[in-house]
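Quantities reported herein were computed from a predicted structural model and do not represent experimental measurements.
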Amino acid sequence: MARPRTFDEKQVLNAVRDQFWDAGYAATSLEDLMRVSGLGKGSLYAAFGDKRQLFLRVLNSYTEANHGRLREALAGAPRALDALRMLIEAPVDDPAGTRRGCLMANSASELGNADPEVLAHAHRAYETSTALIGDCVARAQREGDLPAEADPVALARALLAAQQGLVFMSRTGMDTATLTATARSLATRLLPTSADD
């Protein structure tokens with residue numbers, strides 16, 4: 001009879017996620033994974049598979065959690081336009097947190113050319129984010145805060161690109177004042193209100 005697991009799976013996956021996030025996939029060794037998880041090689045592999053399987057599981061969990069937070073943030077704002085501005089300003093609100101970048105973007109940059117599965121995962125993740133943001137753009141149009149003729153999907157892609165660009169700029173050590181000014185400039189250009197027409 002197999003012995004029951006005696007570890008917190010979520011806690012282990014979070015620790016492993018942070019290791020991959022901080023060091024990257026290639027620079028993370030099995031010894032690193034054993035150290036941060038507190039599990040031996042046999043237990044780690046029996047529970048999660050090899051390093052790549054564990055990484056893909058972490059990436060999937062990270063993406064699902066991010067989409068859940070994005071969905072809540074966009075739906076929770078009183079007006080959709082406020083939610084879209086918040087999306088662009090999020091990297092400014094947490095400059096220390098964004099120094100790590102986005103695990104999905106980091107992983108696609110590191111592995112996208114060599115691992116089609118990671119690249120496909122990144123593509124699906126960004127398409128889902130685009131759809132969620134696009135729905136919020138359409139809501140802002142219905143609320144009369146954005147021009148009705150704007151293409152919600154095209155604008156959503158531009159907003160996502162701007163937000164990810166700000167995350168990257170934050171990683172370079174850009175000071176908060178410059179990052180804030182850049183975010184405001186992007187918001188002004190990408191989110192012209194109907195009254196500005």
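Under the 3.5 Å distance criterion, the side-chain polar atoms of Gln19 are left unmatched by any main-chain donor or acceptor of Thr28. At least one donor-acceptor pair closer than 3.5 Å links the side chain of Thr63 to the backbone N or O of Leu59. For the pair Thr182 (side chain) and Thr178 (backbone), a donor-acceptor distance under 3.5 Å is present. Looking at Glu143, its side chain does come within 3.5 Å of a backbone N or O of Ala80 through a donor-acceptor pair. Judged purely by atom type and a 3.5 angstrom limit, Glu110 has no side-chain atom pairing as donor or acceptor with the backbone of Ser107.
A donor atom on one side chain and an acceptor atom on the other are found under 3.5 Å apart for Ser185 and Arg189. Under 3.5 Å, the side chains of Asp32 and Ser29 contain a donor-acceptor pair of N or O atoms. Defined by atom type and a distance below 3.5 Å, a donor-acceptor pair is present between the side-chain atoms of Arg69 and Asn66.
The minimum heavy-atom distance linking Ala187 with Ile88 is given by the pair CA-CD1, 4.0 Å. Taking all atoms of both residues into account, the shortest heavy-atom contact from Gly134 to Ala156 is N-CB, 3.4 Å. Here the shortest heavy-atom pairing between Gly101 and Val167 reads CA-CG1, 3.7 Å. Considering all non-hydrogen atoms of both residues, Asp22 and Arg100 come closest at OD1-NE, 2.9 Å. In this structure, Ala73 and Ala83 approach most closely via the heavy-atom pair O-CB, 4.1 Å. Considering all non-hydrogen atoms of both residues, Val36 and Ala15 come closest at O-CB, 3.4 Å.
Counting heavy-atom neighbours within 6.0 Å of Arg184 CZ, excluding the residue itself, gives a total of 12 or less.
Counting only residues at least two apart or in different chains, ring-ring contact (aromatic ring centres under 6.0 Å, His included) contacts with residues 51-83 comprise Phe20-Phe55, Trp21-Tyr62, Tyr25-Phe55.
Salt-bridge formation is not detected for the pair Glu89/Arg85: no Lys NZ or Arg NE/NH1/NH2 atom is positioned less than 4.0 Å from an Asp or Glu carboxylate oxygen. The existence of a salt bridge linking Glu127 and Arg157 is confirmed by a sub-4.0 Å separation between a basic side-chain nitrogen and an acidic carboxylate oxygen.
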Worked check of side-chain contact (heavy atoms from CB on, under 4.5 Å) between Leu119 and Asn113
CA-CA 7 Å; Leu119 190 60; Asn113 289 335; 5.9 Å; no

Tell me, with the steps shown, if Leu13 and Leu54 meet side-chain contact (heavy atoms from CB on, under 4.5 Å).
CA-CA 8 Å; Leu13 287 173; Leu54 180 54; 3.8 Å; yes

Pair Phe48, Glu9 - check side-chain contact (heavy atoms from CB on, under 4.5 Å), show working.
CA-CA 10 Å; Phe48 303 107; Glu9 184 173 302; 3.8 Å; yes

With side-chain contact (heavy atoms from CB on, under 4.5 Å) as the criterion, how do Gln141 and Leu155 come out once you've worked through the C-alpha distance, each side chain's angles and the decisive distance to 0.1 Å?
CA-CA 12 Å; Gln141 290 173 313; Leu155 181 51; over 6 Å; no

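The CZ atom of Phe168 sits 14.0 Å away from the CD atom of Gln163 when rounded to the nearest 0.5 Å. In this structure, OG1 on Thr176 lies 10.5 Å from CE on Met174, to the nearest 0.5 angstrom. Between the CG atom in Leu74 and the CG atom in Asp82 there is a gap of 11.5 Å [rounded to 0.5 Å]. Taken from CE in Met104 to CZ in Arg124, the straight-line distance is 9.0 Å, to the nearest 0.5 Å. The distance from the CG atom of Leu84 to the CG atom of Leu190 is 10.0 Å, given to the nearest 0.5 Å. Distance check, rounded to the nearest 0.5 Å: CG of Leu56 to NZ of Lys51 gives 11.5 Å.
When hydrophobic clusters are built by joining Ile, Leu, Val, Met, Phe, Trp and Tyr residues whose side-chain heavy atoms come closer than 4.5 Å, directly or via intermediates, Leu103 is grouped together with Leu132. Residues Leu160 and Val153 fall into different hydrophobic clusters, defined by Ile, Leu, Val, Met, Phe, Trp and Tyr side chains chained together at heavy-atom separations under 4.5 Å. Met86 is not connected to Leu191 by any chain of hydrophobic side-chain contacts under 4.5 Å among Ile, Leu, Val, Met, Phe, Trp and Tyr, and they are in different clusters.
Residues Leu70 and Thr128 fail the side-chain proximity criterion, which asks for heavy atoms closer than 4.5 Å. In this structure, the side chains of Asp115 and Arg52 come closer than 4.5 Å at one or more pairs of heavy atoms. With a 4.5 Å cut-off on side-chain heavy atoms, Lys41 and Leu44 do not count as touching.
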